[in-house]
Amino acid sequence: MSLEDNIVDLVKIQNIFNYRLTELHWFYSPFHFMDSKVSFEKINRMKNDNRKQVLVLDRNIFSRLINVVSKGKTDEGSTQDIAILIAWSALNNVEIMPYYALNEFAEGTNCEMAAQREYNIFKKIFTDITLLEWLAMALGIEKENKTLIEFEQSIEEIETVFYNTSTDYLSNYAAMLHLASILLAEKEQITKFKKYFEWFYNNLKVSRYTEVYVCRLLLSNKGYKEPKKIHGKNMDEAVKGCQNQARDLSYLTQLSIDRWPIEQYEPILVTDDQMLGDIFVNGCFNKEAIREFERNIKTSSKKISEWVSELLVNHKEVVVDDYKAYCKEVIEQELDLFRNVFKSKNGLLDN
């Protein structure tokens, strides 16, 4: 069957795409994708919504897209699934925003030009590769992309700078280092909760997404994981695990409805990390996310509620002249604390 025969019934094609995207659980947003399900009903509501929907790809999904257009296929996951995502966005007139994924790449590689080269490839995904080609891959007619886009070695004009270490990342990095220290040093659930949040509220600007993550982690919610490698023997790998978790949380902080003009836009996080998506949709409108813990704890909920109320009443937001510089200082303190806790846990302290 030819591609032309396949695209006659766009409704059928949309159904195929909606079903697969629902299976993947890739979409998370404040208004239309709280449950990550994709359907015609939601698409119709989107079209009647005054907000403009924008797909915000996380680094993993964006990397797969870059591989599909530059190498022909993705090294991870499914080439067809990436094609479905791109074709779906085109058919429904939903823009794709690459900024945060490129920012993470530039910051992680310490290289602005590497991100610029990816950006120049991204800009050509619909100009050099036609919608018919994307549909051919999305429908499984073609297994690989045959119109490869080459990386440009030199960039004459830079439109947007991506190499920028955000305060959101730095703040979350400090928060994850302290969390890792608490998780290693303390055994009792309520002690972990109190010690962590007392420090968090006194030392950093509070993010509802960080609160949701920590509360649900301490509650042992299904699918919630600690920063990677913190229970291993390699401290550098443990620190890297904290950095990676901080980068994920900083995505959400930057997509906050407090930052985006929600009367005009709806950011749709596209990620295959279901924990990240769960944090996002459960933090969007949750102004007292810290209360996730007391609502779900099995014992002492009243005492915890009273403790949290007092913490909230007495809370004063951190006010400093340069929050970025302040966060860097906190990170150094927390790195020292984590190193000591990590070495003690592994019996590596000097005599």
Side-chain angles (χ1 to χ4, degrees), residues 58-64 75-77 100-101 103-111 165-189 191-193 195-197 199-200 203-204 207 209-254 269 271-280 283 293 327-350:
D58 79 353
R59 182 62 209 172
N60 288 339
I61 302 296
F62 188 78
S63 294
R64 294 177 204 176
D75 299 328
E76 181 183 359
Y100 300 123
N103 170 244
E104 179 178 340
F105 184 52
E107 201 274 332
T109 58
N110 194 28
C111 182
T165 304
S166 72
T167 54
D168 296 309
Y169 165 69
L170 294 173
S171 184
N172 275 301
Y173 179 27
M176 291 303 99
L177 285 170
H178 194 78
L179 175 64
S181 295
I182 293 289
L183 293 173
L184 290 179
E186 304 297 338
K187 294 182 179 180
E188 203 272 322
Q189 182 188 38
T191 302
K192 291 177 183 178
F193 174 83
K195 284 196 171 184
Y196 180 78
F197 279 104
W199 174 88
F200 188 45
N203 290 277
L204 296 172
S207 164
Y209 300 109
T210 308
E211 288 185 294
V212 170
Y213 169 64
V214 174
C215 284
R216 293 191 167 209
L217 179 68
L218 294 180
L219 288 165
S220 301
N221 275 34
K222 183 179 179 181
Y224 273 69
K225 299 176 182 177
E226 298 174 334
K228 293 179 179 178
K229 309 290 186 179
I230 65 170
H231 293 286
K233 300 292 185 181
N234 187 315
M235 189 170 63
D236 290 338
E237 288 296 317
V239 169
K240 186 177 178 181
C242 293
Q243 292 172 335
N244 289 339
Q245 190 61 53
R247 288 193 182 96
D248 285 347
L249 290 172
S250 68
Y251 262 85
L252 308 186
T253 310
Q254 293 171 110
L269 175 66
T271 179
D272 61 354
D273 185 338
Q274 292 188 28
M275 181 182 78
L276 194 64
D278 188 72
I279 296 168
F280 185 46
F293 188 78
C327 285
K328 289 179 179 179
E329 291 177 4
V330 177
I331 287 170
E332 289 305 312
Q333 295 168 10
E334 293 306 314
L335 276 170
D336 287 340
L337 173 64
F338 180 64
R339 288 189 187 102
N340 288 333
V341 173
F342 189 87
K343 289 179 179 179
S344 175
K345 188 73 177 178
N346 289 289
L348 300 175
L349 280 181
D350 297 331

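Along the sequence shown, residues are numbered consecutively beginning with 1. Because only heavy atoms are used, hydrogens play no part in the values below, and waters and symmetry mates are left out as well, while side chains stay in.
Contact check for Leu204 versus Trp199: side-chain heavy atoms found under the 4.5 Å cut-off. Between Tyr213 and Leu179, the closest side-chain pair of non-hydrogen atoms falls below 4.5 Å. Ile61 is listed as a side-chain neighbour of Asp58, based on a closest heavy-atom distance under 4.5 Å. Using a 4.5 Å cut-off on side-chain heavy atoms (C-beta onward), Met275 and Gln245 make contact. Side chains of Asp248 and Asp273 form a contact here, defined as non-hydrogen atoms less than 4.5 Å apart.
Side chain of Thr253 to main chain of Leu249: a donor-acceptor pair is present (N/O by atom type, distance under 3.5 Å, no hydrogens or angles). Under a 3.5 Å cut-off, the side chain of Glu104 and the backbone N or O of Tyr100 do not form any donor-acceptor pair. With hydrogens and angles ignored, the 3.5 Å screen pairs no side-chain donor or acceptor of Ser171 with any backbone N or O of Thr167.
With rounding to the nearest 0.5 Å, the separation of CD in Gln189 from OG in Ser220 is 6.5 Å. Between the CD atom of Glu226 and the CG atom of Leu183 there is a distance of 4.5 Å, given to the nearest 0.5 Å. One distance of note links CD of Gln333 with NE2 of His178; it measures 11.0 Å at 0.5 Å rounding. Here the CZ-CZ distance, from Arg59 to Arg247, works out to 11.0 Å after rounding to the nearest 0.5 Å.
Scanning both residues, Phe338 and Leu177, for their nearest heavy atoms gives CD1-O, 4.2 Å. Between Ala180 and Cys242, the shortest heavy-atom distance links the atoms CB-SG, 3.8 Å. Heavy atoms only, all atoms of each residue included: Arg64 and Glu76 are closest at CD-O, 3.3 Å. Looking at every heavy atom in both residues, Ala175 comes nearest to Thr210 through CB-CG2, 4.3 Å. Closest of all the heavy-atom pairs between Ile331 and Leu170 is CD1-O, 3.5 Å. Ala238 and Ile230 get closest at one heavy-atom pair: CB-CA, 3.8 Å.
Looking at residues two or more places apart in sequence or on another chain, you find no salt bridge (charged side-chain N to carboxylate O under 4.0 Å, His left out) involving Glu334. With sequence neighbours excluded, the residues satisfying side-chain hydrogen bond (donor to acceptor under 3.5 Å, both in side chains) with Asp278 are Arg216, Tyr224, Asn282. In this view, Glu237 and Lys229, Asn234, Lys240 satisfy the side-chain contact (heavy atoms from CB on, under 4.5 Å) rule, not counting sequence neighbours.
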Apply the test side chain to side chain donor-acceptor pair (under 3.5 Å) to residues Glu186 and Tyr196: give CA-CA distance (whole Å), side-chain angles for both, the deciding distance (0.1 Å), then the verdict.
-> CA-CA 10 Å; Glu186 304 297 338; Tyr196 180 78; over 6 Å; no

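Ring geometry, Tyr209 versus Phe280: the interplanar angle falls from 30° to 60°, so the pair is classed tilted. Between Phe200 and Phe197, the ring planes lie perpendicular to each other; the angle is over 60°, past the 30° to 60° tilted range.
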